[in-house]
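A short write-up of the structure that comes next.
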Number of protein chains: 2
Amino acid sequence: MMLDSETKAVEQPEDHADELRLWLRLLTCTTLIEGEVRTRLRARFDVTLPRFDLMAQLDKAPDGMTLSDVSKRMMVSNGNVTGLVERLVESGHLDRRTSATDRRVQVIRLTKLGRAEFRKMAAEHETWIADMFSELTPKDVRELMRLLAKTKASAQNSAKRRSG
Amino acid sequence: MMLDSETKAVEQPEDHADELRLWLRLLTCTTLIEGEVRTRLRARFDVTLPRFDLMAQLDKAPDGMTLSDVSKRMMVSNGNVTGLVERLVESGHLDRRTSATDRRVQVIRLTKLGRAEFRKMAAEHETWIADMFSELTPKDVRELMRLLAKTKASAQNSAKRRSG
DNA sequence: CTTAAACATTTTAGGCTTAAAATAATTTTG
DNA sequence: CAAAATTATTTTAAGCCTAAAATGTTTAAG
């Protein structure tokens, strides 16, 4: 027999406390690590996290990226990228040019200076991350990777359901 | 016999690619979910995520909280809280008063309006989160909780090591 | 008691961020 | 081909956020 409290047809508040707690814990971990990275980048290299993130994207793309590419990869708004790039061009870390084949498109690249500075920062950054995860076993790392991949897919599908 | 490439005494770049990938995946998940929550809060209730987060803290504290408490709990800077609170007092969602026993301290609470509006939003918010995690099994959820708890502790210890 | 230290908050300066509207260029379509 | 739709980027307005300095208050130490 099915109790009323177990009936799905009767639209009633279900208990999602576990998922909520999980989300808060995920957010806490990210905020904690992100804040730490932010502080260390500023103290050690006088650079902001968004600038570092943008340079990280470009380091993986020797032929440059369009602003749209960057915006999608970094999951930030277009307008945000415009401002970030402006400041990094100004400081000599980025080179920006209009595409030869499509005058709407701006292609940005790391300059020699930008690449050199990024590589130095990235090497140290990697050790910070390693240190922050150092209490996890290799198995923990694998397992987290797997579960977060599943989480990502689940969230993406949910977003798709909403936006159509 | 120990090859030179396996020697630890010789300070050389170790491979932390896995931890780095893990961190990027963690960040991606959080950014994805956070962005989705942000969009839905705005579309459905015309409210920002930081305002929602602040109200969530206060909802759990019927007797109110000091600005410092809020700052610590939300893991944001003091100055940030000042501005957020200002706007929420202005809109009638928060009540702010100076502590009777310590004139440095500001105690903030949800107003009746603030509480009512928050409860409505929170109920819906919970279903969004549940939906975004809906492809995880109960076991996945438990396992993620465990691994994130471990991650949090590891990151906190790393931060402590740095700051002394 | 009085000075110094600690604490809570606000202010400041600069940068980041978003959503939405505007601009400009290209592609598609009737 | 001309109009319409799409695409890439920038601009705008408002708000978020941090680090560091400043302000005002309380507590601790001499």
Side-chain angles (χ1 to χ4, degrees), chain A residues 27 30-32 34-55 64-91 93-94 96-108 163, chain B residues 27 30-32 34-55 64-91 93-94 96-108 163:
Chain A
L27 187 56
T30 300
T31 305
L32 190 59
E34 196 172 297
E36 193 60 24
V37 170
R38 190 187 306 279
T39 299
R40 296 191 198 200
L41 279 176
R42 172 177 297 268
R44 191 75 182 75
F45 300 110
D46 193 32
V47 78
T48 66
L49 182 52
R51 275 157 155 75
F52 178 82
D53 285 344
L54 175 42
M55 288 196 267
M65 297 173 79
T66 70
L67 298 199
S68 287
D69 287 348
V70 171
S71 168
K72 269 169 218 149
R73 283 303 196 94
M74 293 182 73
M75 300 196 277
V76 301
S77 66
N78 287 338
N80 190 355
V81 173
T82 297
L84 262 175
V85 167
E86 227 158 54
R87 289 182 286 272
L88 279 166
V89 168
E90 168 67 27
S91 64
H93 294 85
L94 259 55
R96 182 206 340 219
R97 62 187 60 173
T98 302
S99 161
T101 59
D102 186 339
R103 276 181 304 178
R104 289 171 303 183
V105 174
Q106 302 282 322
V107 178
I108 55 175
S163 70
Chain B
L27 187 56
T30 299
T31 305
L32 189 62
E34 196 172 297
E36 193 60 24
V37 169
R38 191 187 304 278
T39 298
R40 296 191 199 200
L41 279 176
R42 173 177 294 268
R44 189 77 183 76
F45 301 111
D46 193 32
V47 78
T48 66
L49 182 51
R51 275 155 152 82
F52 178 82
D53 286 344
L54 175 41
M55 288 196 266
M65 297 173 80
T66 69
L67 297 201
S68 287
D69 287 348
V70 171
S71 169
K72 268 169 220 148
R73 284 303 196 96
M74 292 182 74
M75 299 196 277
V76 300
S77 66
N78 287 338
N80 189 358
V81 173
T82 298
L84 261 175
V85 166
E86 228 158 51
R87 289 183 286 271
L88 279 166
V89 167
E90 168 66 28
S91 64
H93 294 86
L94 260 56
R96 180 206 342 219
R97 62 187 60 175
T98 301
S99 161
T101 58
D102 186 338
R103 276 181 305 177
R104 288 171 304 182
V105 174
Q106 301 282 322
V107 178
I108 55 175
S163 71

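Here is the naming used below: chain letters follow the sequence lines, and residue numbers restart at 1 for every chain.
- DNA chain D is contacted by both Thr101(B) and Asp102(A); Asp102(A) maps to the nucleotide lying nearer its 5′ end (nearest heavy atom per residue).
- The heavy-atom pair separating Arg51(B) from Leu84(B) by the smallest distance is N-CD2, 4.0 Å.
- Minimum heavy-atom separation, Ser77(B) to Ser71(B): C-OG, 3.8 Å.
- Between Arg51(A) and the phosphate of dC16(C), there is a side-chain N or O to OP1/OP2 separation shorter than 4.0 Å.
- Nearest-nucleotide positions on DNA chain C for Met74(A) and Glu86(B) put Glu86(B) closer to the 5' end.
- Which of dT9(D), dC16(D), dT10(C) sits closest to the side chain of Leu67(B) comes down to dT10(C).
- Here the closest heavy-atom approach between residue Pro50(B) and residue Met74(B) is recorded as O-CE, 3.8 Å.
- Separating the CE atom of Met65(A) from the C1' atom of dA8(D) is a distance of 15 Å, rounded to the nearest angstrom.
- Proximity of Arg96(B) to the phosphate of dT10(C): a side-chain N or O atom is located under 4.0 Å from OP1 or OP2.
- Here the side chain of Gln106(B) is nearest to one of dT10(C), dA19(C), dT10(D), namely dT10(C).
- Taking the side chain of Thr82(A) as heavy atoms from C-beta on, and the options dT25(D), dT9(C), dT9(D), the nearest nucleotide is dT9(D).
- Across the protein-nucleic acid pair, Arg97(A) atom CZ and dT9(D) atom P stand 15 Å apart, rounded to whole Å.
- Of the residues Asp46(A), Thr48(A), Leu49(A), the one that meets the side-chain contact (heavy atoms from CB on, under 4.5 Å) test with Leu41(A) is Leu49(A).
- Residue Ser77(B) has its side chain nearest to dT18(D) when only dA19(C), dT18(D), dT17(C) are considered.
- Using a 4.0 Å heavy-atom criterion, one finds that Thr66(B) contacts the sugar-phosphate atoms exclusively.
- Contact of Arg104(A) with dT7(D) (side chain to base): a donor-acceptor pair of N or O atoms is detected under 3.5 Å.
- Contact check, Arg87(B) against dG15(D): no side-chain N or O comes under 4.0 Å of OP1 or OP2.
- At the phosphate of dT18(C), neither OP1 nor OP2 sits under 4.0 Å from any side-chain N or O atom of Thr48(B).
- Between Asn80(B) and the phosphate of dT18(D), there is a side-chain N or O to OP1/OP2 separation shorter than 4.0 Å.
- Interatomic distance, Leu88(A) CG to His93(A) NE2, rounded to the nearest 0.5 Å: 7.0 Å.
- Projected onto DNA chain D by closest heavy-atom contact, Gly79(A) and Lys72(A) fall at different nucleotides, the more 5' of which corresponds to Lys72(A).
- Considering only side-chain atoms of Val105(B), the nucleotide from dT9(D), dC16(D), dA8(C) that sits closest is dA8(C).
- The interatomic distance linking Glu34(B) (CD) with dC17(D) (C1') rounds to 13 Å, in whole Å.
- Checking dC16(C), dT10(D), dT10(C) against every side-chain atom of Pro50(A), the shortest atom distance belongs to dC16(C).
- Open room surrounds CZ on Arg73(B); 12 or fewer heavy atoms of other groups in view lie less than 6.0 Å from it.
- Straight-line distance from the CD1 atom of Ile108(A) to the C1' atom of dT10(D): 14 Å, rounded to whole Å.
- Summarising the geometry, the separation between CG on Asp53(B) and C1' on dC17(D) is reported as 14 Å, rounded to the nearest angstrom.
- Across the protein-nucleic acid pair, His93(B) atom NE2 and dG15(D) atom P stand 14 Å apart, rounded to whole Å.
- To the nearest angstrom, P of dC16(C) lies 13 Å from CD of Glu90(A).
- Comparing dT25(D), dA8(C), dT18(D) by their nearest atom to the side chain of Arg103(B) picks out dT25(D).
- The side chain of Asn78(B) sits closest to dT9(C) out of dT9(D), dT9(C), dC17(D).
- Proximity of Thr39(A) to the phosphate of dA19(D): a side-chain N or O atom is located under 4.0 Å from OP1 or OP2.
- Considering only side-chain N and O atoms, Ser71(B) lies nowhere under 4.0 angstrom from the phosphate OP1 or OP2 of dT9(C).
- Note that CZ of Arg96(A) and OG1 of Thr82(A) are 7.5 Å apart. Values are rounded to the nearest 0.5 Å.
- Rounded to a whole Å, the CZ atom of Arg38(B) is 19 Å from the P atom of dA14(D).
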